[in-house]
Amino acid sequence: MTKDWLSWHDDYDRPGSALAARLAEVREQVRAALDRAPTGPLRVVSACAGQGRDLIPVLATHPRRGDVTARLVELDPRNVALAKDAVRAAGLTGVQVVLGDAASTDAYADLVPADLVLLCGVFGNVSDHDVRAIVGHCAALCAGGGTVIWTRHRGEPDLVPTICDWFAREGFAQVALSTPAHRVGVGVHRLVGNSRPLPSSVTMFRFLPD
């Protein structure tokens, strides 16, 4: 890692920033996904979870919080420490924050297929080829009827329409998609068919150099 992924989070706290807008939209979609999830235990996985801002504050006040077993995977130990602090402060005993490589399928092996998969801040930091590869693994990460929430910038060339096509090819139906005017794309897709087995020891993506 060469980018400072701790200070990167600062834009979340700047009103009007693209990241602040993205965070608000992602949280709204996380809340909606939890609202429509079936009764009973729920599994959630979050790749490149950072400080857990997408998920932890939503779970903290959501009526389904006690149903959720979640794993947040993050490589920066400073962000992991902050996420763990937030989990403790919220009393979310079912949420685990893991210091590890979110690109490895092994990081999720015992918690998938999941009812909710978060891929926020991933697609904008990897090659288009790797975005396609990640989408291909989503039908193994996600349970049938489950939801994937992902983000990608809307800068030119805008890959978001192509990503939606890739999800469709993998058996997902589009639930929601923010418009180009929002500057940052937030997509929500639901797996219509059955989940596939997750291969072991596969590296799904590599972050591009800064």
Side-chain angles (χ1 to χ4, degrees), residues 12 19-50 52-73 83 86-87 90-97 102 108 110-123 131 134-152 154 160-161 163-182 184-198:
Y12 278 139
L19 271 183
R22 187 188 89 176
L23 180 61
E25 175 66 16
V26 168
R27 286 179 177 175
E28 180 179 333
Q29 295 299 342
V30 169
R31 191 172 293 108
L34 293 172
D35 287 344
R36 64 175 174 265
T39 58
L42 297 174
R43 293 181 171 188
V44 180
V45 296
S46 178
C48 303
R53 297 201 194 190
D54 297 322
L55 180 65
I56 296 169
V58 178
L59 276 183
T61 60
H62 198 277
R64 299 296 303 276
R65 57 177 282 159
D67 297 331
V68 172
T69 299
R71 178 172 299 155
L72 286 64
V73 185
V87 167
L92 296 171
T93 56
V95 177
Q96 178 188 28
V97 183
Y108 314 97
D110 59 337
L111 205 62
V112 296
D115 301 282
L116 176 59
V117 177
L118 298 181
L119 296 169
C120 302
V122 179
F123 289 173
V131 174
I134 298 166
V135 173
H137 283 96
C138 280
L141 294 169
C142 189
T147 300
V148 177
I149 300 175
W150 55 273
T151 63
R152 164 78 185 205
R154 300 304 300 255
V160 167
I163 294 172
C164 291
D165 288 342
W166 289 339
F167 270 105
R169 293 179 196 175
E170 297 296 333
F172 286 82
Q174 183 175 304
V175 176
L177 182 67
S178 58
T179 68
H182 293 162
V184 177
V186 177
V188 183
H189 281 77
R190 180 176 60 85
L191 182 58
V192 176
N194 295 323
S195 182
R196 299 196 295 260
L198 182 69

Is the side chain of [X] donor-acceptor paired with the backbone N or O of [Y] at a distance under 3.5 Å, no angle test?
X: Ser195; Y: Ala139; answer: yes
X: Tyr108; Y: Ala102; answer: yes
X: Arg65; Y: Ala90; answer: yes
X: Asp115; Y: Gly146; answer: no
X: Thr151; Y: Val186; answer: no
X: Ser178; Y: Val184; answer: yes
X: Arg27; Y: Arg53; answer: yes
X: Arg64; Y: Leu42; answer: no
X: Arg152; Y: Phe123; answer: yes

Euclidean distance, [Y] [atom2] relative to [X] [atom1], rounded to 0.5 Å:
X: Cys142; Y: Phe172; atom1: SG; atom2: CZ; answer: 5.0 Å
X: Gln29; Y: Asp35; atom1: CD; atom2: CG; answer: 11.0 Å
X: Thr61; Y: Arg31; atom1: OG1; atom2: CZ; answer: 6.0 Å
X: Leu34; Y: Leu59; atom1: CG; atom2: CG; answer: 6.0 Å
X: Leu116; Y: Ile149; atom1: CG; atom2: CD1; answer: 5.0 Å

Heavy atoms, side chains only, cut-off 4.5 Å: are [X] and [Y] in contact?
X: Val87; Y: Leu72; result: no
X: Thr147; Y: Arg36; result: yes
X: Trp166; Y: Val131; result: yes

Between [X] and [Y], which heavy-atom pair has the shortest distance, and what is it?
X: Ala70; Y: Leu55; result: CB-CD2, 4.1 Å
X: Val160; Y: Leu177; result: CG1-CD1, 3.7 Å
X: Val44; Y: Leu111; result: O-CD2, 3.7 Å
X: Val135; Y: Ile163; result: CG2-CG2, 4.4 Å
X: Ala47; Y: Leu119; result: CB-CD2, 3.8 Å
X: Gln96; Y: Arg71; result: OE1-NE, 2.9 Å

query: For residues 188-198, which residue pairs qualify under salt bridge (charged side-chain N to carboxylate O under 4.0 Å, His left out), counting only residues two or more places apart or in two chains?
result: Glu170-Arg196
query: More than 12 non-hydrogen atoms from neighbouring residues, nucleotides or ligands closer than 6.0 Å to CG on Asp165, yes or no?
result: yes
- request: Take Val45 and Val73, measure what side chain to side chain contact (heavy atoms under 4.5 Å, CB included) needs, and give me the verdict at the end.
  value: CA-CA 8 Å; Val45 296; Val73 185; over 6 Å; no
- prompt: Going by the angle between their ring planes, with limits at 30° and 60°, are His189 and Phe167 parallel, tilted or perpendicular?
  reply: parallel
